[in-house]
Amino acid sequence: MLEALAPVLNSPHIAAALVLLGFIPFAWKRFLTYLHIFQQEEYDGGRFLHWLFYNVVFDTRVSLAVVVLSAMSKLYPAPVFILAFFIGVILLIMSRRERDPRQTGKKKLAMTQRATRILRVAFALVLVLGLIGVSFGVAPVWVVALVQLIPFALVAAVKILQPGENRIQQGFWNEAHDKLKRLAPVIVGVTGSYGKTSTKHILGHLLESAGSALITPGSVNTPMGIARIVREQLEPYHRHFVVEMGAYGPGSIERLCRLAPPDIAVVTAVGAAHYERFKSLDTVARTKFELPTAAIARGGKAIINDAVLVFKDAKDFTDAHRASIVLVGNGEGSEARIHSVTQGKDGLTVSLSYLGKDYTLAAPLYGLHHGGNMAIAFVTALAMGIDAEIAEIAMRSTPQIKHRLEVKRQADGTVIVDDAYNSNPAGFASALDILPLLVGEGGRRILVTPGMVELGAAHSEEHRKIGTKAAETVDILLAVAPDRIRDLVQAYKAAKPDGEVVACASFAAAQTWMGANLHAGDVVLLENDLPDLYERQLRL
């Protein structure tokens with residue numbers, strides 16, 4: 001019997017086909033994983049590859065398993081069919097364990113028409129290589145190579161599709177631009193290294209209270225994302241259009257301003273959040289000021305956080321266009337002066353003076369850094385002609401901002417502070433300050449974090465600072481992926497030797513710990529559920 005089956009058991013082609021059967025579902029799920037990241041990088045091959053190499057992202061589990069099986073087959077000779085069978089089984093098991101980013105993650109993979117085209121072409125490229133391997137009889141090294149080629153196939157697919165995508169995108173761009181021109185809402189552009197999404201959220205709420213406004217949802221801030229919102233949602237009754245403008249390099253905001261020419265420009269901050277991309281805060285400042293440049297060129301106004309004037313280009317621009325700029329902050333020369341920001345159990349109170357009048361703004365928001373966002377949104381609304389009393393009243397009912405210091409009181413007596421979206425040094429420090437306000441009797445203050453991203457050369461320094469800061473208010477630190485935040489952990493331990501540190505390989509491990517250990521009175525700060533790119537890096 002075995003002799004009769006020998007040609008089958010030892011056929012390299014049949015073995016290769018068996019491996020391919022396991023590889024196909026595995027590759028599909030792994031393509032979705034990488035496509036999720038690629039989409040967040042706007043399908044920019046250069047940025048995606050930079051992320052890939054900068055973070056040393058490559059498959060380890062499957063590749064190592066294939067190598068180990070191959071080595072065992074040399075030590076314990078067996079028909080090639082057996083080796084292929086076990087490789088196929090491992091691939092199938094890993095495909096079942098791979099999360100589906102269309103269903104999980106804070107910013108899910110959106111299977112747009114473009115994403116679908118990229119996925120299909122990339123998958124076809126790898127499948128063709130797999131079929132070629134079948135014709136020669138796939139060696140284990142070929143399986144490993146195919147697994148590692150998956151992210152590069154996505155980049156190749158974009159290159160192949162680019163001519164057609166350019167025509168499609170230009171059509172969408174033209175349609176959105178023409179619609180904005182025809183309906184002519186007042187366009188407010190909001191940018192900043194941090195605070196832009198929250199400021200947009202608050203401002204949108206104030207404008208909604210005074211009339212109809214359309215606000216780009218979530219963190220949508222790219223040309224095609226904005227164009228889609230305009231094409232699908234902008235209606236003639238929308239008086240205002242508030243659009244978040246993200247910066248991915250010099251000129252990126254200028255391009256957005258050509259799509260949606262701003263009447264009002266809002267700049268919330270310039271900071272280290274983009275350091276990895278821009279390499280210089282001066283470059284960040286120049287890029288952010290592409291927005292005020294566009295608005296003022298159209299005869300509009302700019303509302304600017306006066307803290308950005310520490311950058312020469314920002315100050316020079318402001319001095320040259322002072323009549324068209326309203327500064328908000330603590331500076332002596334600012335039109336809108338923030339006198340105090342107070343955090344209470346029920347939210348924030350901001351004392352503000354603007355154009356000779358005093359205002360007390362209250363909102364059910366948490367985190368002292370939101371005080372500046374509230375002030376900027378309020379002043380912007382007034383600059384747009386919204387009645388101050390209406391804006392003050394509306395501010396009191398501002399909804400909490402999802403995943404941005406969102407306080408969730410649980411039925412079991414615990415409090416979860418959800419600050420899951422990308423963290424920055426100022427926001428992180430502000431989040432730590434609210435823990436003593438929310439902890440219950442007999443409760444503990446718990447921080448769950450994998451640290452901050454996109455800090456570049458400032459990574460170590462900023463994490464040391466935040467580790468020292470955490471020691472002031474945190475009883476237990478759950479360090480997610482502790483290897484990437486050694487500086488934070490070491491600084492916390494140095495400043496608080498009796499503080500408890502729990503190393504967690506992933507957020508799933510941290511959730512398991514919390515499920516077994518939390519009790520009434522505990523307050524938990526979930527600070528920066530890392531973009532899935534880092535979570536994936538740990539799991540591949």
Scan residues 351-373 for pairs that pass salt bridge (Lys or Arg N to Asp or Glu O under 4.0 Å), counting only residues two or more places apart or in two chains.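 Those involving residues 351-373 do not exist here.
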For residues 259-271, which residue pairs qualify under salt bridge (Lys or Arg N to Asp or Glu O under 4.0 Å), counting only residues two or more places apart or in two chains? D263-R298
Kindly assign one of parallel, tilted or perpendicular to the pair H463 and H459, based on the angle between their ring planes and the thresholds 30° and 60°. tilted
Between [X] and [Y]: side-chain donor-acceptor atoms closer than 3.5 Å:
X: D522; Y: T414; result: no
X: D487; Y: S460; result: yes
X: T191; Y: E244; result: no
X: S252; Y: R255; result: no
X: H369; Y: S430; result: yes
X: H205; Y: S397; result: yes

My understanding is that only residues two or more places apart in sequence, or in another chain, count here; which of them pass side chain to side chain contact (heavy atoms under 4.5 Å, CB included) with [X]?
X: R102; result: L32, D100, L109, M111
X: V501; result: L477, V489, Y492, K493
X: L183; result: K179, P185, L234, P236
X: E472; result: K469

Run the salt-bridge test on [X] and [Y] with the 4.0 Å N-O cut-off and return the result as yes or no.
X: K312; Y: D282; value: no
X: R322; Y: D319; value: no
X: R396; Y: E392; value: no

If you round to the nearest 0.5 Å, how far is OH of Y366 from CG of L405? 10.5 Å
